[in-house]
A.B. asks: 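Have a look at this one.
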Amino acid sequence: MTQSFSLGNELRAVTATPAPDPTIWAFSDTNDRIFSSSTLNQDEKTDRASPQEWLRRGLGHMQSALVV
């Protein structure tokens, strides 16, 4: 019983707010870790690039960044 109650709470929490609008965040300057492979501190920007920079780099670089 508690497990289904917990699941109901989880589902309510996940659906409580609307999904973010990609037109707002996708090309935001603060969205600079989409292809980042590290967990750097806020002041370390070694592996970060803006969405505009990734577009400049091109599809091949994006695909390479996603390969695990």
Side-chain angles (χ1 to χ4, degrees):
M1 172 98 171
T2 59
Q3 191 173 23
S4 65
F5 178 73
S6 178
L7 179 58
N9 286 340
E10 292 288 331
L11 289 172
R12 277 190 290 285
V14 169
T15 60
T17 58
D21 182 354
T23 63
I24 295 171
W25 61 262
F27 289 97
S28 168
D29 289 336
T30 59
N31 186 16
D32 61 357
R33 298 200 60 184
I34 187 151
F35 297 112
S36 178
S37 60
S38 64
T39 55
L40 301 171
N41 294 329
Q42 288 290 52
D43 52 32
E44 298 180 76
K45 299 221 178 226
T46 310
D47 199 23
R48 295 181 179 190
S50 70
Q52 290 80 6
E53 173 62 19
W54 280 107
L55 287 175
R56 189 192 66 72
R57 291 179 187 180
L59 179 62
H61 280 98
M62 287 184 232
Q63 289 174 329
S64 294
L66 293 172
V67 173
V68 179

A.B. asks: Show the nearest heavy-atom pair for residues T23 and D21, with the distance to one decimal.
C.D. replies: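 The answer is OG1-OD1, 2.7 Å.
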A.B. asks: Would you compute the distance between atom CG of L66 and atom NE2 of H61 and round it to the nearest 0.5 angstrom?
C.D. replies: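 It comes to 13.0 Å.
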A.B. asks: Please name all residues satisfying side chain to side chain contact (heavy atoms under 4.5 Å, CB included) with S28, sequence neighbours left out, ordered by chain then number.
C.D. replies: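 For S28, the residues satisfying side chain to side chain contact (heavy atoms under 4.5 Å, CB included) (neighbours in sequence not counted) are T30, N31.
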